[in-house]
**Q** 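First the structure, which I've put down as structure tokens, then a few questions once you've had a look.
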2 protein chains.
Amino acid sequence: MGVGNCRPLFYNVGMELAEPCAHCAVRDRALCSTLSDDELAQLNAIGHRREMERGETLLWAGDDSVVCGNLISGVLKLVAASADGREQIVGLVYPGDFVGQPYVEKAEFTVTALTEAEVCLFPRAPFERALDDHHAMERLLLQRTLQALNTARGRMLSLARSSAQEKVAGFLLDMAERAGTSACRAVPDGPLTFDLPLTRGQIADVLGLTIETVSRQMTRLKVAGVIALPGGRAVTICDRDALQARAEAA
Amino acid sequence: MGVGNCRPLFYNVGMELAEPCAHCAVRDRALCSTLSDDELAQLNAIGHRREMERGETLLWAGDDSVVCGNLISGVLKLVAASADGREQIVGLVYPGDFVGQPYVEKAEFTVTALTEAEVCLFPRAPFERALDDHHAMERLLLQRTLQALNTARGRMLSLARSSAQEKVAGFLLDMAERAGTSACRAVPDGPLTFDLPLTRGQIADVLGLTIETVSRQMTRLKVAGVIALPGGRAVTICDRDALQARAEAA
DNA sequence: AAAGGTCTTTGACCGCGGTCAATGTTCTGT
DNA sequence: ACAGAACATTGACCGCGGTCAAAGACCTTT
């Protein structure tokens, strides 16, 4: 059940910022950060929020690309699949990131929630019109898209040319960085512990490996004392430098 | 020797379109297609042309991203490399395509000519200002960037999950499509012959394989009668459907 | 035409990572 | 607390594609 209904009926009355943008967790990071409170209220008139459960799909590859928007909380995956069912996660979406593609008729990739998530959605057509009116937002979208392109191209190198060991080590470093605030560390610069938002199977889909290979490489890193696996989906990075070294050399 | 000097000294005098844009081969396809003749003349004032030889590099990964522009003729490659020298071609640039990245300080990838090429270059900073003034051009750049992102993500699936056979077959189909006018065909719908602009080594760099594997797969396709290799860098596609089938299934 | 380079093909070998299968662990709902 | 499902680990095996090496084709240059 979404919370779209919570949107107030009279959003742009007076100077006050309409709910729920006023308390939005990504107000300062999403594309909306380019908008004044008034502009934001206008944009909000065409948007609505949606809560998603783990595993729920927002867009299916091949369907009309009907919505786009900002991720508020949780993590989404972008999945490419071949006709015979092989899958590859081609992107991860974090809070503050933009999801979907304006100016594109058909969605090329399936977008699914990896965790519970909350998104702020806009129908594509009116959102494109909003880009016309808010030049700074379009500019930021261009910059974000250029960044995403660089990220995707960097991952092409890794997918094609890195060993399984390098891929897994690199992935753990990425996730550690992402974990940020939610990670915890007993001693400054000491071991860092955090939860992975992905299953082994999903990690395999990101890295272009199989579940078994991911699992074996994790075990190898554990045996080498580079990481620890306290149980559940938690990981502890015991020796960041060693992990870095393994991420860079075969 | 570039032809930058050929740029006329008084480009925006009168209504006539300044050389060399008037006869530009990609006038109707490049970002400039969004500009009126007058606007184009203004933009041309900050740009210049450059001819490149096979193997010549336009931008080095890690250097300041100083220029961007449009490719007029030839083919360029975008190369990602790891610290220990492994390489991956993450993009090919064809005539009419945009090269370089506005709003990005450091070039992430090395840009090198695969064939003789001609580019129309702009220093990055004034080009960014031109994007401010010409909204339609910025819009088109955004659309092109979104397309490029989709292409890159599609190739992530292929790099990670396709067999060598599928990669080579798919690559040949792509190149056949690109060859377009320069390809020749004795009978309508009959065998199609064209020249690859890439060496076996470069094809390997595109597909995430080795030279030897690319060569072996080409031979396999030849022995199966799907393609012919008349010599030099030429390829003949004898049975397009069979090639398509091999591109899609392992 | 000969010489030298680069690019390509082919062969022999082997190791990484995929596949198949069984067991162990963690999460979920009642 | 228990049952069942989903997820993770581990082992045995093997094939695809990488590596090393040599020979052949093609393209310059003089």
Side-chain angles (χ1 to χ4, degrees), chain A residues 53-55 82 84-88 112 114-116 158-172 195-224 227-236 246 249-250, chain B residues 53-55 82 84-88 114-116 158-172 195-224 227-235 246 249-250:
Chain A
E53 297 175 5
R54 196 160 172 268
S82 59
D84 61 345
R86 283 170 287 181
E87 286 194 355
Q88 177 64 33
T112 303
L114 289 176
T115 63
E116 285 198 346
S158 157
L159 285 171
R161 303 296 184 185
S162 294
S163 67
Q165 176 98 192
E166 291 171 305
K167 287 178 181 177
V168 171
F171 175 81
L172 290 175
D195 275 341
L196 294 173
L198 288 76
T199 67
R200 294 285 185 271
Q202 288 158 352
I203 296 172
D205 282 347
V206 170
L207 301 180
L209 300 169
T210 59
I211 294 184
E212 295 93 328
T213 300
V214 171
S215 185
R216 272 187 262 268
Q217 294 300 333
M218 298 279 261
T219 313
R220 262 186 78 182
L221 291 171
K222 186 180 70 179
V223 170
I227 64 169
L229 301 170
R233 212 148 282 174
V235 185
T236 303
R246 279 162 200 261
Chain B
E53 297 174 6
R54 196 160 171 267
S82 61
D84 62 345
R86 284 170 286 180
E87 286 194 357
Q88 176 64 33
L114 289 176
T115 64
E116 284 198 349
S158 156
L159 285 171
R161 304 295 183 185
S162 294
S163 67
Q165 177 98 193
E166 292 171 304
K167 287 178 181 177
V168 171
F171 175 80
L172 290 176
D195 276 340
L196 294 172
L198 288 78
T199 67
R200 294 285 185 273
Q202 287 158 351
I203 296 173
D205 283 347
V206 171
L207 300 179
L209 300 169
T210 60
I211 293 183
E212 296 92 329
T213 299
V214 172
S215 184
R216 272 188 262 266
Q217 294 300 334
M218 297 280 262
T219 313
R220 263 186 76 184
L221 291 172
K222 186 180 69 179
V223 170
I227 63 169
L229 302 170
R233 211 149 282 173
V235 186
R246 280 162 199 262

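FYI, side chains are in, hydrogens and waters are out, and symmetry mates aren't considered; it's all heavy atoms of this structure. A note on names: the letters A, B, ... follow the listed sequences, proteins ahead of strands, and every chain is numbered from 1.
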**Q** For Ser82(B), enumerate each residue passing the side-chain hydrogen bond (donor to acceptor under 3.5 Å, both in side chains) test, keeping only those at least two apart in sequence or located in another chain.
**A** Asp84(B)

**Q** Which residues pass the side-chain hydrogen bond (donor to acceptor under 3.5 Å, both in side chains) test with Ser158(B), not counting sequence neighbours?
**A** none

**Q** If the condition is side chain to side chain contact (heavy atoms under 4.5 Å, CB included), which residues does Ala160(A) pass it with, not counting sequence neighbours?
**A** Gln88(B), Leu159(B)

**Q** In this structure, how many angstroms lie between the P atom of dC20(D) and the CD1 atom of Ile211(B), rounded?
**A** 13 Å

**Q** Which residues pass the side chain to side chain contact (heavy atoms under 4.5 Å, CB included) test with Leu196(A), not counting sequence neighbours?
**A** Phe171(A), Leu172(A), Met175(A), Phe194(A), Arg200(A), Ile203(A), Met218(A), Arg233(A), Val235(A)

**Q** Taking the minimum atom-to-atom distance to the side chain of Ser163(A), which one of dT9(D), dG17(C), dG17(D) wins?
**A** dG17(C)

**Q** Mind checking whether Gln165(A) and Arg220(A) have side chains closer than 4.5 Å, heavy atoms only?
**A** yes

**Q** Of the residues in residues 198-210 of chain B, which ones touch DNA chain C at a heavy-atom distance under 4.0 Å?
**A** Thr199(B), Arg200(B), Gly201(B)

**Q** Over its full length, what angle do the end axes of the helix from dG5(C)-dC26(D) to dT30(C)-dA1(D) make, each axis taken from five pairs and the result rounded to 10 degrees?
**A** 60°

**Q** Which residues pass the side chain to side chain contact (heavy atoms under 4.5 Å, CB included) test with Thr213(B), not counting sequence neighbours?
**A** Ala164(B), Leu209(B), Thr210(B), Gln217(B)

**Q** Output the rounded distance in Å from CZ (Arg161(A)) to C1' (dC16(C)).
**A** 15 Å

**Q** Write down the distance between CZ (Arg86(B)) and C1' (dG17(D)), rounded to a whole number of angstrom.
**A** 16 Å

**Q** Could you go through nucleotides 20-22 of chain C and list every protein N or O atom that sits under 3.5 Å from one of its N or O atoms, giving the distance for each pair?
**A**
residue	atom	partner	partner atom	Å
dC20(C)	N4	Glu212(A)	OE2	3.0

**Q** Counting N and O atoms only, with roles assigned by atom type, does the side chain of Lys167(A) sit under 3.5 Å from a partner on the main chain of Leu207(A), one being a donor and the other an acceptor?
**A** yes

**Q** Quick one: list whatever passes salt bridge (Lys or Arg N to Asp or Glu O under 4.0 Å) with Arg161(A), sequence neighbours left out.
**A** Asp205(B)

**Q** Could you pull out all residues at least two apart from Thr236(A) that satisfy side-chain hydrogen bond (donor to acceptor under 3.5 Å, both in side chains)?
**A** Thr193(A)

**Q** Rounded off to whole Å, could you give me the CD-to-C1' distance for the Gln217(B) and dG18(D) pair?
**A** 13 Å

**Q** Set out, line by line, the N/O atom pairs under 3.5 Å between protein and nucleotides 27-29 of chain D.
**A**
none

**Q** Go through the structure and list residues passing side-chain hydrogen bond (donor to acceptor under 3.5 Å, both in side chains) with Thr219(B), not counting sequence neighbours.
**A** none

